[in-house]
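Report on the structure given below.
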Number of protein chains: 2
Amino acid sequence: MRIAELSRTAGVPVPTIKYYLREGLLPAGELTSPNQARYGEVHERRLRLVRAMVEVGGMTIAAVRDVLAALDDPDKSLHKSMGTVEVAIAPVVPPTDDEVAQRQGEEFVARQGWQHRPNSPAFKALVRVLATAREIGHPEFAEELDEYARVGLTLGELDVAYVLRMPSKDEALEGVVVRSFLSDAAVAAVRRLARRELSARHSGEEDPGSRSDGADLEPGLEC
Amino acid sequence: MRIAELSRTAGVPVPTIKYYLREGLLPAGELTSPNQARYGEVHERRLRLVRAMVEVGGMTIAAVRDVLAALDDPDKSLHKSMGTVEVAIAPVVPPTDDEVAQRQGEEFVARQGWQHRPNSPAFKALVRVLATAREIGHPEFAEELDEYARVGLTLGELDVAYVLRMPSKDEALEGVVVRSFLSDAAVAAVRRLARRELSARHSGEEDPGSRSDGADLEPGLEC
DNA sequence: CAGAAATGGATAGTGCTACTGTCCGACAGT
DNA sequence: ACTGTCGGACAGTAGCACTATCCATTTCTG
C-alpha cells in the first residue's frame, strides 16, 4: 500500500499522514527504493488509533506520542503502561495552593482506602476541582466526592474486566489505551443524555429536541 | 473597585480582564467618567466563574460566552437553560456516517426509555464514540453502554438534587452551570484515581508513586 | 498643585498547536 | 517517453487565547 491508498482507506489527508510520520506517531513505511515506501495493515490500524485519540479523545499530538511509546514498549507491565497512559491523557491543570482543598482530597483518598499519590495528575486534578468549587462559592461540592468514588470504582472495574478479557498482552495493552479515552468520552456523552432526560422529567416539559423534524425550532435550539 | 484591584483579588492579569470585557464575558464596569470605570462583587464573581470554566472545564471562550448568555437570560426555564449549557459545553465532534453505530445509539436510547433526540450533541457524541470503537476494532465496547447508563443516571440524579436544593432560581441556574463542568472534571479525576487503584491491586504491584518522597524515581514516573 | 502613575479603549502582535501547501528530483505505470 | 505519483524537506496558515503598546485622560501622591 502506498501513501495515497493509506490516505483513502483511513480517510486522512496525505499531508496529515506525512505530518504524523514526521512527528513519530506512525512508523516509517518500508522503503522499496530511496524515495518509495510501502505501508501495511499495521500502519492503517495505527493511523486509525491516532485519529481516534485526537478526534474523540481530544488528545494533543504530544500526548498521543507518549501513549504510543508506552504501547510499543515491550518491557513494561500492564500496570506501568496504564500509569504512563493515565499521565499522558490527563489534562494539564494549573496547580493550586488551597490547602483546604488539598486536605479534602487527602481525606477523601484515605476514606476510600486508596494509595495516596500526591504527585499524580489525577490527584492534582481532583484538588484543583475542589479548590475551584470553593473559589466560586460552592464548597458543598466536596461532600459528594464519595458518591463519585462509587461511580469511579464501578467504571474502573469495567475497564479492568475488559482488559483482563483480552487474550494476549499486546491486545490487553491496546485495550488499556482504548479504554482510557473511549470510555471517558462515552461516560461524558451518556451522562449528558441522562442529565437532559432527568431535567426534562423533572421540569415536566416536553423536550424541544424530542421531535425528529425540528422544523419549527429556531436555529441553535434544535438540540 | 478598579481594574487593578479586580486583577489582584481574582488573580487574573489586567490585559486578560480587558480581553474578557471585549469578548463580552464580563459586563462593562460602571463608568464614573468617560474613561474611568468601577467594578463590583458581581464582576469578581463572574471573573472567577469564567476562569473556572476555562481552566478546569477546558471550555473555549466562545462556549463560555454562550453559557453566560444563557445564565443571564431571565426568561428561560431551568430546563431550557440547562439545554443551552449542555450544547455549549459539548466538545465538537466530526460527524460520522456509520449507520451501525447510529442504530446502536438509537437502540440504547430506546432501551433506556429516553427521548430520542438525534440532533443533540450528546447523542451525536455517543454515536461518534460507538463508530470509533468499531473503526479501531473494539466493537464489543457497545455492549457496556447500559452499565454506563446506570452510572450516568446516578450522576445525573446527584446533579438534579443539587440544583433543586438551591433556594433561588438564579442560584439554581448557576448551580446548573457549575455542575456541568465541575462534576465532569471531578468524575474524570476520581475515575482516573480509581482505575489506577484497581490496576495496582490487580497487578499486585506496589504503586511507584505511593511513596510521598519519590526521590529515587526517574523523572516522568513519579506519578 | 505638579508630576507620576493608573485608567479605559483601540489596535496590533505573540506563542502555540495542528495541520496544509509547495517544491523538488526520483521513480512507476502505460 | 511521458504523465502522474512518490517521499522528503520546509515554509506557510488558521485559529485560539491571550499579551503588548499606545494614547488621551483622569487620579493619586507628595
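Per chain, numbering begins at 1; letters A, B, ... match sequence-line order.
- A donor-acceptor pair is defined here as one N or O able to donate and one able to accept, closer than 3.5 Å; no such pair exists between the side chain of A:R192 and the backbone of B:E86.
- Contact check, A:N35 against C:dC27: a side-chain N or O comes under 4.0 Å of OP1 or OP2.
- In this structure, A:T32 does not reach the D:dG7 phosphate: none of its side-chain N or O atoms is under 4.0 Å from OP1 or OP2.
- A sub-4.0 Å separation between OP1 or OP2 of C:dC19 and a side-chain N or O of A:Y20 is present.
- The separation between B:Y19 atom OH and C:dT14 atom P is 17 Å, rounded to whole Å.
- A donor-acceptor contact shorter than 3.5 Å links the side chain of B:K169 to the backbone of B:P74.
- For the residue pair A:E140/B:Y162, the side-chain donor-acceptor check at 3.5 Å is satisfied.
- We find that CD1 of B:I61 is positioned 11 Å from P of D:dT19, with the value rounded to whole Å.
- Distance from the side chain of A:A4 is smallest to D:dC6 among C:dT20, D:dT26, D:dC6.
- For the pair A:I3 CD1 and D:dC6 C1', the interatomic distance rounds to 8 Å; values are reported in whole Å.
- Remark: C1' of C:dA18 and CG of A:L25 are 11 Å apart, rounded to the nearest angstrom.
- In the set D:dT26, C:dC27, C:dG21, C:dG21 carries the atom at the smallest distance from any side-chain atom of A:P15.
- Going from atom CZ of B:R22 over to atom P of D:dC16 covers 15 Å, rounded to whole Å.
- Between the side chain of A:K76 and the backbone N or O of A:M82 there is no donor-acceptor pair closer than 3.5 Å.
- Applying the 4.0 Å criterion to OP1 and OP2 of C:dA18, one finds that A:T16 has every side-chain N and O outside that range.
- If you check every strand for non-hydrogen atoms under 4.0 Å, A:R51 touches sugar and phosphate atoms only.
- Without hydrogens or angle criteria, A:S7 side chain to A:I3 main chain gives no donor-acceptor distance under 3.5 Å.
- Taking 4.0 angstrom as the limit, B:Y39 places a side-chain polar atom (N or O) nearer than this to OP1 or OP2 of C:dG8.
- Here A:V54 lies in heavy-atom contact (under 4.0 Å) with sugar-phosphate atoms only.
- With rounding to whole Å, A:Q36 atom CD is found 14 Å from C:dC24 atom C1'.
- No engagement by A:R65 is indicated, since no non-hydrogen atom pair under 4.0 Å with the nucleic acid exists.
- Residue A:E23 contributes atom CD, which lies 13 Å from atom C1' of C:dC16 at whole-angstrom precision.
- For D:dC28, the OP1/OP2 oxygens have a side-chain nitrogen or oxygen of B:R2 closer than 4.0 Å.
- Between A:A28 and B:T60, the residue anchored closer to the 5' end of DNA chain D is A:A28, taking for each the nucleotide with the nearest heavy atom.
- Between the B:R65 side chain and the B:E23 main chain, a donor and an acceptor come within less than 3.5 Å of each other.
- Of the listed nucleotides (C:dG8, D:dT26, D:dG8), D:dG8 has the atom at the smallest distance from the side chain of A:K18.
- The nearest whole Å value for the distance from the CE atom in A:M59 to the P atom in C:dA18 is 11 Å.
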